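Let me begin by presenting the structure, written as C-alpha cells, before commenting on it.
None of these values were measured; they are calculated from a predicted model. Every chain is numbered from 1 and lettered A, B, ... according to where its sequence line falls, protein lines coming before strand lines.
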Amino acid sequence: MPELPEVETVRRGLAPAMEGRIIEKLELRRADLRFPFPRDFSNAVKGKRIEALGRRAKYLLIDLEDGMTIVAHLGMSGSYRVEADGAAETPGDFHLPRNAAAAHDHVIFHLEDGRVIYNDPRRFGFMKLVARAGIESDASFKGLGPEPTGNSLDADYLATRFAGKTQSLKAALLDQRNIAGLGNIYVCEALWRAELSPFRAAGHLVTPAGRPRAGLTRLVPAIRDVIAEAIEAGGSTLRDHRKTDGTLGYFQHSFSVYDRTGAPCRHEGCDGTIARAVQTGRSTFYCPACQKG
DNA sequence: ACTGGATCCTGCCTGC
DNA sequence: TGCAGGCAGGATCCAG
C-alpha cells in the first residue's frame with residue numbers, strides 16, 4: 001500500500017495509541033522480515049517510553065526516550081492495527097478477537113494499555129534501530145531527496161536534478177534521491193495532472209541554461225496537490241490494506257489514471273482513454289491524448 | 001555515472 | 001473446479 005500519504009496516515013493513526021506509552025514487551029514472531037531484525041531488538045526497546053511518532057519519506061519513525069529511533073518501512077504489503085485494552089468491539093468484521101494473532105502478524109508492540117500489531121504478508125517491510133543523533137547519515141536516509149510537501153521542493157531544484165538526464169520522467173520521479181516519498185500511484189497521478197508524458201526524458205524539462213521549462217513548473221504543484229489531497233483523504237486503500245483503526249482510506253476514489261485502463265480521461269475537453277504501459281518493470285497509467293508535454 | 005532489469009515474498013485475479 | 005501465470009503500493013543489488 002504505502003507511499004507517503006499512506007505512511008503519514010499510519011503515523012497519524014498510531015500516534016494516539018503509542019506516544020507517551022512504554023513498550024512493555026516487543027514480540028517478534030519470526031526472526032526477520034526483508035532483513036533480520038536488529039540484534040537483541042526486543043531487549044533494546046523493552047521498558048522504553050515512546051516519545052513521538054515521525055515520518056521521513058516512506059519511513060515511519062518511532063522515537064524512544066533513550067535517543068534511539070525504530071525506523072520502520074512497510075514495504076509493499078505492511079499494515080498496522082491497534083488493539084486497545086477494554087475497548088468496545090468496533091462494528092464490522094475486520095477486528096479479530098482480542099489476542100488472536102492473524103496470519104502474517106510478525107511484530108507486536110505490547111504497550112501499557114493495548115497492543116500495536118504489524119502485519120506484512122509479503123515481508124518486504126523491515127525495522128531497524130538507529131541512533132537519532134546523526135540519523136540523516138544512516139543508509140536509509142543518506143541521499144534522500146526533499147519531502148514533496150516541503151518548501152525545498154521547487155522547479156529550480158528539480159531542474160538541477162533532471163538536467164541532462166535521459167531517464168524517463170516516470171523513473172526520475174520514482175527515484176527517492178530526487179523526491180522522497182513518491183511511489184507508482186502518485187507519480188502517475190502527478191504526471192497526469194501536469195499533462196506530462198511519463199516517457200519523456202527528464203532532461204527534456206530543463207533548458208540548456210539549466211532553467212526549468214514550463215512543464216517542470218507545472219509539475220511541482222501537481223505533486224504537492226496530489227500528495228496533500230491524498231493525506232487529507234486518509235490515503236488510498238488498495239486490495240486488503242486498511243488504516244490502523246481498520247477503516248478504509250478514500251483517495252483511491254480520486255485516482256484519475258491509476259488502475260483506470262480503458263476509462264475516459266477526466267481532463268475537461270480531452271476525449272482520450274487511459275492506457276497502461278510498462279516502464280522499468282512497473283505499470284504506468286496515463287492519457288496518451290493529453291499527456292504530451 | 002547512469003540506467004534498466006532482476007530479486008526478495010505471498011496473495012489474488014484472470015484465463016484456460 | 002483446478003491450476004498456471006501474471007500482477008501488485010518498494011528498495012536494493014548487479015551488470016552493461
Side-chain angles (χ1 to χ4, degrees), chain A residues 1-11 29-37 55-60 71-80 102-106 118-128 138-145 148 160-191 198-204 206 226-227 230-231 233-243 248-255 257-262 276-285:
Chain A
M1 71 76 157
E3 300 183 31
L4 188 158
E6 289 74 37
V7 179
E8 178 60 22
T9 298
V10 167
R11 188 194 70 77
R29 306 190 69 242
R30 53 177 298 126
D32 58 63
L33 293 171
R34 179 174 182 183
F35 308 118
F37 288 114
R55 181 194 57 75
R56 171 75 169 108
K58 302 170 192 171
Y59 297 96
L60 182 68
V71 175
H73 198 289
L74 294 98
M76 294 275 250
S77 59
S79 64
Y80 285 87
H104 309 302
D105 283 352
H106 303 311
Y118 179 67
N119 184 283
D120 187 355
R122 290 174 74 181
R123 305 203 303 275
F124 282 10
F126 61 85
M127 290 185 193
K128 60 182 180 177
D138 180 85
S140 293
F141 302 96
K142 200 168 46 182
L144 212 50
T160 66
R161 298 290 312 186
F162 288 0
K165 280 203 192 309
T166 59
Q167 187 184 38
S168 70
L169 210 39
K170 169 80 183 304
L173 291 176
L174 281 175
D175 187 335
Q176 303 295 298
R177 294 171 298 185
N178 294 326
I179 303 176
L182 298 184
N184 206 36
I185 293 175
Y186 297 107
V187 166
C188 291
E189 295 294 317
L191 287 171
F199 306 103
R200 184 78 77 184
H204 183 263
V206 184
V226 75
I227 293 296
I231 291 173
S236 321
T237 299
L238 294 182
R239 298 177 179 81
D240 61 350
H241 175 71
R242 301 194 180 226
K243 298 201 286 180
L248 303 170
Y250 286 95
F251 195 76
Q252 69 276 12
H253 302 301
S254 303
F255 291 162
V257 287
Y258 187 84
D259 207 21
R260 293 192 67 240
T261 307
R276 176 184 175 274
V278 176
Q279 288 181 283
T280 60
R282 315 282 307 271
S283 287
T284 295
F285 300 92

query: What does B/dC9 pair with, Watson-Crick or G-U, if both distances are under 3.5 Å?
result: none

message: Expressed as a whole number of angstroms, how long is the span from A/Arg122:CZ to B/dT7:P?
response: 15 Å

Residue A/Ser283, side-chain heavy atoms: nucleotide from C/dA11, C/dC7, C/dG10 that is nearest: C/dC7

query: Within this structure, what is the CG-to-C1' distance between A/Asp175 and C/dA11, rounded to whole angstrom?
result: 11 Å

statement: In whole angstroms, the gap separating P of C/dA11 from CG of A/Asn184 amounts to 11 Å

message: Side-chain N or O of A/Tyr59 versus OP1/OP2 of C/dA11: is the shortest distance under 4.0 Å?
response: no

- prompt: Would you say A/Phe124 stacks on C/dA11, if stacking means ring centres under 5.5 Å apart and planes within less than 30 degrees?
  reply: no

Any donor-acceptor pair under 3.5 Å from A/Glu189 side chain to A/Val257 backbone: yes

- request: Determine the interatomic distance between P on B/dC9 and the same-named atom on C/dC3; round to the nearest Å.
  value: 24 Å

message: So A/Gln279, base contact, sugar-phosphate only, or nothing? Heavy-atom distance under 4.0 Å.
response: nothing

- line: From NE2 of A/His106 across to P of B/dC8 the rounded distance in Å is 17 Å

- prompt: Charged N to carboxylate O under 4.0 angstrom, A/Arg161 versus A/Asp175?
  reply: no

task: Can you tell me, in whole Å, how much space there is between the P of C/dG6 and that of B/dA6?
output: 13 Å

message: Please report the distance, rounded to the nearest Å, between CZ in A/Arg282 and C1' in C/dG6.
response: 15 Å

field: Expected output: side-chain A/Thr280 to main-chain A/Ala171 donor-acceptor under 3.5 Å
entry: no

- request: Look at the side-chain N and O atoms of A/His104 and state whether any lies under 4.0 Å from the OP1 or OP2 oxygen of B/dG11.
  value: yes

message: What is the distance, to the nearest angstrom, from the CG atom on A/Asp138 to the P atom on C/dA11?
response: 14 Å

statement: Rounded to whole Å, the NE2-P distance (A/His73 to B/dC8) equals 19 Å

- prompt: With respect to the phosphate group of C/dG9, does any side-chain polar atom (N or O) of A/Lys58 fall under 4.0 Å of OP1 or OP2?
  reply: no

- prompt: Counting any heavy atom closer than 4.0 Å, what does A/Arg177 reach on the DNA or RNA strands: base, sugar-phosphate only, or nothing?
  reply: nothing

task: Just call it for A/Ser140: base, sugar-phosphate, or nothing, with non-hydrogen atoms closer than 4.0 Å on any strand.
output: nothing

message: Treating A/Asp120 as the side-chain partner and A/His104 as the backbone partner, does any N or O pair qualify as donor plus acceptor under 3.5 Å?
response: no

field: A/Ser77 side-chain N/O to C/dG9 phosphate OP1/OP2 under 4.0 Å
entry: no

- request: Round to the nearest Å and state the distance from A/Tyr186 atom OH to C/dG9 atom C1'.
  value: 9 Å

query: Which nucleotide sits closest to the side chain of A/Pro121: C/dG9, B/dG11, C/dA11?
result: B/dG11

message: Using the side-chain heavy atoms of A/Gln167, tell me which of these nucleotides is nearest: C/dT12, B/dT3, B/dC9.
response: B/dT3

- request: Indicate yes or no for a side-chain donor-acceptor contact from A/Gln279 to the backbone of A/Lys170 under 3.5 Å, with no hydrogens or angles considered.
  value: no

- request: Using only side-chain N and O atoms of A/Arg276, determine if any of them is under 4.0 Å from OP1 or OP2 of C/dA8.
  value: yes

message: Quick check: on DNA chain B, is the nucleotide nearest A/Lys165 upstream (toward 5') of the one nearest A/Arg34, or the reverse? Name the residue that is more 5'.
response: A/Lys165

message: Show the nearest heavy-atom pair for residues A/Ala57 and A/Leu144, with the distance to one decimal.
response: CB-CD2, 3.8 Å

